[in-house]
Amino acid sequence: MSEVEQSLEQAAQLLCAARRVVVFTGAGISAESGIPTFRDPGGLWEQFRPEELATPEAFERNPDRVWAWYWQRRAVMAAAEPNAGHRALAQMEPLFEEFTIVTQNIDRLHQRAGSRRVLELHGTIFEQHCHRCGRLYDGEELPADRAPVCPVCGGRVRPSVVWFGELLPSSVFQAAQSAAERCHVLLSIGTSGEVYPAAGIVWQAKLHGAAVVEINPRWTELSGLADVRIPAPAAQVLPELLERVRRCRQRQ
Ligand code: BV8
Ligand code: ZN
């Protein structure tokens with residue numbers, strides 16, 4: 001039996017015995033939908049430095065440049081389709097008493113695949129708000145190449161994502177922390193585990209006794225925490241994992 005087969009079987013057994021599951025996802029789960037990751041070779045951060053574009057200082061310094069970069073990414077994400085990994089997770093949800101997706105992604109592909117309980121730790125690219133007064137703006141009538149001026153306060157409109165140096169939405173992060181503390185298994189999928197406090201969710205689950213399964217073709221900052229590592233792409237592994245959990249649920 002190959003290493004992937006063996007680790008798949010181990011992961012399926014852990015899930016079969018679990019009632020409460022957290023799935024922590026990063027850019028890697030959307031890679032097979034054609035959305036570039038951040039830190040893979042050729043990824044986003046190779047072309048741009050995060051501090052140049054994904055910080056409030058960058059936006060205050062050059063709002064149009066930051067806005068245009070996000071608007072271009074928004075178009076890529078809007079044109080992308082959920083892949084077999086997103087869809088398998090959506091079909092896993094009803095097999096458990098609690099199944100919470102905690103994502104760092106801003107592309108809404110989990111929701112478009114049908115997942116109902118999704119916590120977006122870093123916001124979403126499909127919403128915008130005024131950087132000064134917080135007023136929400138619907139995406140349709142906004143320009144592509146410059147950050148609109150808020151007619152209410154004269155501030156600039158920005159994407160509703162969490163930038164480096166910004167706090168995560170507290171109610172979302174608290175819900176993610178409590179799900180992590182309660183879960184029996186945490187799946188960490190497609191994340192390098194380099195960004196905090198998001199990656200702390202995996203530590204929290206581990207420290208509260210959960211079994212940690214990592215699905216990632218590469219070794220990461222979180223691999224040392226994993227009880228089981230499945231070194232393969234998410235869109236290949238997750239449909240397999242779904243089938244095995246379905247079969248074991250039928251035997252129960
Ligand atoms: C905070 C949204 C408190 C925007 C993102 C100095 C000052 C202030 C803060 C800090 C500082 N120094 C460090 C920090 C903390 C900082 C941080 O963690 N920095 C890191 C880089 C060291 N964190 C913050 O700033 C956070 N806020 O700390 O606030 C505070 C406040 C004020 C002052 C002090 C503290 C906010 C962080 C949120 C940043 N926003 N995104 C946008 O998207 O543009 S982060 C960005 O990285 C994305 O959200 C992304 O999800 C996240 C993590 O990356 P990954 O998802 O893991 O993606 P990556 O490319 O890295 O990895 C992909 C993986 O997939 C790889 O392992 C690859 O092998 C794998 N893969 C590839 N293909 C597949 C696959 N796996 C499976 N299947 C495949 N097919
Ligand atoms: Zn405003």
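Each ligand, and each atom within it, is numbered from 1 in the order the structure gives. Reckoned from all heavy atoms, side chains included, excluding hydrogens, waters and symmetry mates.
Protein non-hydrogen atoms do reach within 4.0 Å of atom 36 (C) of ligand 1. For atom 79 (C) of ligand 1, the nearest protein heavy atom lies closer than 4.0 Å. Distance check on atom 22 (C) of ligand 1: some protein heavy atom falls below the 4.0 Å cut-off. Within a 4.0 Å radius of atom 13 (C) of ligand 1, the protein contributes no non-hydrogen atoms. There is a protein heavy atom less than 4.0 angstrom from atom 61 (O) of ligand 1.
Looking only at atom types and distance, the side chain of S223 has a donor-acceptor partner in the side chain of T220 under 3.5 Å away. Q13 and E9 share a donor-acceptor pair across their side chains, judged by distance under 3.5 Å alone. H131 and E60 share a donor-acceptor pair across their side chains, judged by distance under 3.5 Å alone. Side-chain atoms of T25 and H110 form a donor-acceptor pair, as typed in the model, at a separation below 3.5 Å. Residues R249 and Q252 have side chains that bring a donor and an acceptor to within less than 3.5 angstrom of each other.
Looking at V162 next to ligand 1, an N or O pair under 3.5 Å apart turns up. Annotation: A234 places an N or O atom under 3.5 Å from an N or O atom of ligand 1; distance criterion only. Checked against a 3.5 angstrom limit, the closest N/O atoms of W163 and ligand 1 fall outside it. Note: no N/O pair closer than 3.5 Å links W69 and ligand 1 by distance alone. Below 3.5 Å of separation, one finds no N or O of A54 facing any N or O of ligand 1.
For E194, every heavy-atom contact with ligand 1 shorter than 4.0 Å involves the backbone, none the side chain. Looking at I106 against ligand 1, only its side chain comes within 4.0 Å, counting heavy atoms. Proximity of A31 to ligand 1, defined as any heavy-atom pair under 4.0 Å, is confined to the side chain (atoms from C-beta onward). Only the side chain of E32 comes within 4.0 Å of ligand 1, judged by heavy-atom distances.
When the options G123, G200, G165, P56 are ranked by their closest heavy atom to atom 33 (C) of ligand 1, first place goes to G165. Of the listed options E221, M77, H122, H122 places a heavy atom closest to atom 5 (C) of ligand 1. Taking only non-hydrogen atoms, the option from A232, A199, G26, G28 nearest to atom 71 (N) of ligand 1 is G28.
Of all protein heavy atoms, the one lying nearest to atom 67 (O) of ligand 1 is N216 ND2, 2.9 Å.
In this structure, E240 pairs ionically with R244, as a charged nitrogen and a carboxylate oxygen lie closer than 4.0 Å.
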Given side chain to side chain contact (heavy atoms under 4.5 Å, CB included), test T191 with N216 step by step and report yes or no. CA-CA 8 Å; T191 181; N216 195 320; 5.8 Å; no
Worked check of ring-ring contact (aromatic ring centres under 6.0 Å, His included) between H129 and Y137: CA-CA 5 Å; H129 64 275; Y137 282 86; 9.2 Å; no
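Test W69, W71, Y70 against W67 for ring pair (Phe, Tyr, Trp, His ring centres under 6.0 Å) and you get one pass: W71.
Taking 4.5 Å as the limit, every side-chain heavy atom of R182 sits out of range of all side-chain heavy atoms of H208.
In this structure, R146 places its CZ atom where only 12 or fewer heavy-atom neighbours from other residues, nucleotides or ligands lie under 6.0 Å away.
Residue R73 places a heavy atom under 4.0 Å from ligand 1.
One finds the CG atom of L238 at 9.0 Å from the CD atom of E32 (value rounded to the nearest 0.5 Å).
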